[in-house]
Structure formats: C-alpha cells, structure tokens
Enquirer: 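First the structure, then my questions, so here it is.
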Amino acid sequence: MEKRVYEVWKGSNKFILGGRLIFGPDAKSLLVTILLITVPVIIFCVFVARHLRHAFSPYNAGYAVLVVAIVFTIYVLILLFLTSARDPGIIPRNSHPPEEEFRYESSVSAEAGGRQTPGLQFPRTKEVMVNGIPVRVKYCDTCMLYRPPRCSHCSICNNCVERFDHHCPWVGQCIGLRNYRYFFMFVSSATLLCIYVFSMSAVYIKVLMDDHRGTVWKAMQESPPSVILMAYCFIALWFVGGLTGFHLYLIATNQTTYENFRFRADNRINVYNLGCLSNFLEVFCTTIKPSKNNFRAFVRETVPRPTLPSTQGAEAEDLGGDPRSKVEDDLDIGEDLLKISQRRNIEEIDEDIRSRGSNGPAHTALDIDSILDSDHRAPTIRSETRHSSWGRRSGSWEIAADDVLSNSKVTEGRSHVTPKEARQ
C-alpha cells in the first residue's frame, strides 16, 4: 500500500486531517493558549459585558461591547490557528548530500601502509551573495543540504525552516517565513484584546460607582470578576505587549529573533535591512510563498543512485562476463597450444628417423620414448605458477603462448599458432 509524505515524515511534526494540518511536537500547549484566551473572555461576557448592554445613552448601545469582545476573540483564535497549523517554511530534506560539492583530497592512510589514499572531503560552509555582501551558509547534516540565508535547523521540530525566527511553545510551532506575519498579528491582536477587556472592566467599575454613589472599594466588592479580569489583563500585557513591541523593533530593522541574539553576540552587520518602510512592506505586503512540501502526496520509491563500478566489476564487463569463465578459457587455450606443440615435435622426430634411415645410427624404441618423455616434461606447466591477476588490467590468468612454444622447441620455420587457430 502506498504511503503519503506525512506518514513517513522524518521531522517531529504532528499531522491531523490526513496531513492537511501540520503542528509542532508540542502542539498540546496550544490547548493551554486557547484556554488562556477564551476563559477570560467568557468571564468578561457573562459578568461584565452583559451588564453594560444598557449602560450608554442609546439604550441598546451596550450590545456593541459584547459583540466586539466575541468577534475580536474569534479573530485572535483564527490568527492563532493560521500560525500554528501551517507549514512555517520547512525546506524538504535531501536523500543524499549534494554530489557537486564533493571533492577528493589525498591523505596518508596508516592502514594502507603510509601510502597516499584519496579521502572524501566535504565543505562545511560556503559563501553566497546577499545584497552584494558575502554571507556564509552552513551545511545541515540532518537535512543534508546547505541552509539558505536566514535559515536555521529547529532542534524541536527537527526541520530546517526558512527565515527561522524562533520556536514558540505557546503556539506549538516554529515561526518562520510562511507564518511570521500571522504570528505578529496574533500577538498584537492579543495585546489589543487584553487592553479592551481591561478597559471595559474598568468602565464597569466606574458605572457601579456612579449607580451606587460609592467608592472604588465598594464597586470592586460589587463585581469581583471585574477586578480579577483587570489583574489578569495587566499581567498578560507585560508578556504579549512586550513581545509586540520587541517584534515591532525586529520588523523595523528586518531581523529575526535568532539573528538579533546572534548578530548582537558576534557584532555582525545586518545585510537584510532595507529601510524601515521597506522592511514593513516586506513583512505585511508581500505574497506568502507556497509551501515546498506536499504532505498529502504519495511517496515515490527512491531509485538507487548509479554508482561507479568497481575495478573488478568493470573488468568483468570488459571481459564479457564472469572472470572465472575467462580464466578457464585461457587455460583451455594454453592446453591446446601445448598439445599442438607436442604433436608437432613427435612428427619431427618421426621424419628425422625416416630421413636418416640407414645413414644414421639406429634409434631404438627406448631412445624414442626417452626423447618423448623429455619433450613431455619440458613444457609442463605447474598449477603452482598460476597467479590471479584480477588486480591487473587484463583481469585474467595468462599463460603466454610464446612461452609454451619456446619450451616445446618449435623450429623457426613453423608458423606461429594463435589461440584462435588453436580452437579451430
């Protein structure tokens, strides 16, 4: 059965609805954030906004306080969802390191007896140009790629994220190129919601003071939920309000949270700063790039990369098959040449006997046998002298035909017999 990308995803992300929504590994913290937003708003609507429906000059104008609170809360939750449930700008991993970056350098190997052996070297960094200034980018061992400028590997999500800002535990997601705009809008909107709830709770305290003509203390005793909401919003403003101000500074200077700490520590120059107005336009007025990942796509079977054949394999192919068959063929040819040379030597001996006839001394059968025995022994090839030559270019065991013929004392008048003729 074919699997989809999100089912074999190597990062630490969590997917729901068949890979349509992607969250970080700490997505459970998102529920805490939702409760921190909705519970105070529900208390506000029930104990504060409901009593303000008829507190203003148009009799029903107070309904607007309730409607604004509800609509604004829904808007904040939508921004939270857009921040945490989408791809923040994850760069797909490579299945193998970029081959064009490999280079070989000779190094002395102790195991090889101190000989120079080629070693695989891989540059850990390289420089790219950004606005005319060289910027060094690093190689990611996990994703097996060179990170683009402003990209960093999130140790929590285990992914390389473009324009990485930080990993936010409150939204349970990395903040990067594709969700930074929504993150800032969420934080700033949450700040405005806190200010709104705090202000309306204070207004309700004032209304109680006017109605009962009492002091602030008596009004607070009359509506404890208003006091609790004011205290809660005051504390929350220190966090979301401070975070909003900090990110306004980052946007104005075109920095990320990660770069701000790193550049400040290393005293680096910010090469991405285009001016305050251009920096804001870049964040809020540019088109968000589409995701580089299709999490619902079916996984394709990875085709193994073509590897360079080894020396033995290449030699076997050149020889037309298994090297053992080539060795056997060479030995067969050598034996054929040996038999042919021996047969010719016997014929020469017979002719010599016939030519001498009565002129020469008679040769007995014993003499002929001794001659044949000596001829048989001369070209004998011991199996001990057969050496494997797989390490050579020929890739076979060789028995030179010239050596066989010379040992067989073939006369110069005889023509040279090639292995091909021997087979015939």
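Small disclaimer: the values here were computed from a predicted structure and weren't measured.
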Enquirer: Any side-chain heavy atom of R4 sitting closer than 4.5 Å to one from V299?
Expert: no

Enquirer: Parallel, tilted or perpendicular: which one describes the rings of F295 and W9, with boundaries at 30° and 60°?
Expert: perpendicular

Enquirer: For Y180, does the six-membered ring have the charged nitrogen or CZ of R163 within the cation-pi criterion, i.e. under 6.0 angstrom from the centroid and within 45° of the normal?
Expert: yes

Enquirer: Regarding K126 and the six-membered ring of Y139, is the cationic atom NZ or CZ under 6.0 Å from the ring centre and inside 45° of its axis?
Expert: no

Enquirer: Does R50 use its side chain to pair, donor to acceptor, with the backbone of F47 at less than 3.5 Å?
Expert: no

Enquirer: Tell me whether the rings of W238 and F234 are parallel (<30°), tilted (30 to 60°) or perpendicular (>60°).
Expert: perpendicular

Enquirer: Kindly indicate, with the supporting measurements, whether the criterion side-chain contact (heavy atoms from CB on, under 4.5 Å) is fulfilled by L30 and F23.
Expert: CA-CA 10 Å; L30 184 64; F23 297 89; 3.9 Å; yes

Enquirer: Rounded to the nearest 0.5 Å, what separates atom OH in Y6 from atom CG in L21?
Expert: 11.5 Å

Enquirer: Can any side-chain N or O of N279 pair as donor or acceptor with the backbone N or O of L274 at less than 3.5 Å?
Expert: yes

Enquirer: Under a 3.5 Å distance rule, please check whether T125 uses its side chain to pair with a backbone N or O of R136 as donor and acceptor.
Expert: no

Enquirer: Does K292 come within less than 4.0 Å of E162, counting only side-chain N to carboxylate O?
Expert: yes

Enquirer: One pair to check against side-chain hydrogen bond (donor to acceptor under 3.5 Å, both in side chains): T191 and T244. What are the steps and the verdict?
Expert: CA-CA 8 Å; T191 302; T244 301; 3.0 Å; yes

Enquirer: I would like to know whether T33 and S29 meet side-chain contact (heavy atoms from CB on, under 4.5 Å); could you show each step before the answer?
Expert: CA-CA 7 Å; T33 304; S29 62; 5.5 Å; no

Enquirer: Would F183 and H247 count as a close aromatic pair, with their ring centres under 6.0 Å?
Expert: yes

Enquirer: Under the ring pair (Phe, Tyr, Trp, His ring centres under 6.0 Å) rule, what do F184 and F284 come out as? Steps first, then yes or no, please.
Expert: CA-CA 10 Å; F184 177 80; F284 296 106; 5.6 Å; yes

Enquirer: Starting at CD1 of I251, measure out to CZ of R181 and round the result to the nearest 0.5 Å.
Expert: 10.5 Å

Enquirer: Step by step, would you call F72 with Y196 a ring pair (Phe, Tyr, Trp, His ring centres under 6.0 Å)?
Expert: CA-CA 10 Å; F72 204 66; Y196 178 78; 7.2 Å; no

Enquirer: Do any N or O atoms from the side chain of R147 and from the backbone of K138 form a donor-acceptor pair under 3.5 angstrom?
Expert: no

Enquirer: So do the side chains of N179 and L82 get within less than 4.5 Å of each other, counting heavy atoms only?
Expert: no

Enquirer: Contact between N13 and N158 at the side-chain level, heavy atoms closer than 4.5 Å - yes or no?
Expert: no

Enquirer: Let me know which of F44, Y63, Y204 forms a ring-ring contact (aromatic ring centres under 6.0 Å, His included) with H51.
Expert: Y204

Enquirer: Looking only at heavy atoms, which two atoms of C151 and I91 are closest? And how far apart?
Expert: SG-CD1, 3.6 Å

Enquirer: Kindly compute the distance separating CG (L193) from SG (C233), expressed to the nearest 0.5 Å.
Expert: 7.5 Å

Enquirer: Search all heavy atoms of C157 against all heavy atoms of H167 and return the closest pair with its distance.
Expert: SG-CE1, 3.3 Å

Enquirer: To the nearest 0.5 Å, what is the distance between CZ on R93 and CD1 on I90?
Expert: 9.5 Å

Enquirer: Does M230 offer a backbone N or O that forms a donor-acceptor pair with the side chain of S201 under 3.5 Å?
Expert: no

Enquirer: Do the two ring centres, one from Y258 and one from H166, sit under 6.0 Å apart?
Expert: no

Enquirer: What closest approach, in Å, do T286 and E282 show between heavy atoms, and which atom pair accounts for it?
Expert: OG1-O, 2.5 Å

Enquirer: Which pair of non-hydrogen atoms, one from L52 and one from M200, has the smallest distance, and what is that distance?
Expert: CD1-O, 4.0 Å

Enquirer: Hey, what do you get for CD1 (I70) to CD1 (I42), rounding to the nearest 0.5 Å?
Expert: 10.0 Å

Enquirer: Looking only at the aromatic ring of each residue, does the gap between the centers of F81 and Y182 stay below 6.0 angstrom?
Expert: no

Enquirer: Less than 4.5 Å apart, side chain to side chain, heavy atoms only: is that true for Y232 and C194?
Expert: no

Enquirer: Find out whether F246 and T257 are in side-chain contact, i.e. whether some heavy atom of one side chain is under 4.5 Å from a heavy atom of the other.
Expert: yes

Enquirer: Tell me the closest heavy-atom pair linking Q173 and I22, and the distance in Å.
Expert: NE2-O, 3.2 Å

Enquirer: Out of N254, T256, D165, which one pairs with R150 under the side chain to side chain donor-acceptor pair (under 3.5 Å) rule?
Expert: N254

Enquirer: Report yes if the side chains of L177 and V161 come closer than 4.5 Å at any heavy-atom pair, otherwise no.
Expert: no

Enquirer: Assess the residue pair W170 and L36 against the criterion (side-chain contact (heavy atoms from CB on, under 4.5 Å)); give the C-alpha distance rounded to whole Å, side-chain angles, the decisive distance to 0.1 Å, and a yes or no.
Expert: CA-CA 10 Å; W170 297 104; L36 291 175; 3.9 Å; yes

Enquirer: Looking at every heavy atom in both S189 and V76, which two are closest together, and how far apart are they?
Expert: CB-CG2, 3.8 Å

Enquirer: Take F186 and L77 through the test side-chain contact (heavy atoms from CB on, under 4.5 Å) and record every step on the way to the result.
Expert: CA-CA 8 Å; F186 162 70; L77 294 177; over 6 Å; no

Enquirer: Going by heavy atoms in the side chains, are I37 and T73 under 4.5 Å from each other?
Expert: yes

Enquirer: Could you grab the distance from atom NZ of K14 to atom CG of D26, nearest 0.5 Å is fine?
Expert: 8.0 Å

Enquirer: Got M220 and S226 here, is their nearest side-chain heavy-atom distance under 4.5 Å?
Expert: no

Enquirer: Is the side chain of N270 donor-acceptor paired with the backbone N or O of T253 at a distance under 3.5 Å, no angle test?
Expert: yes

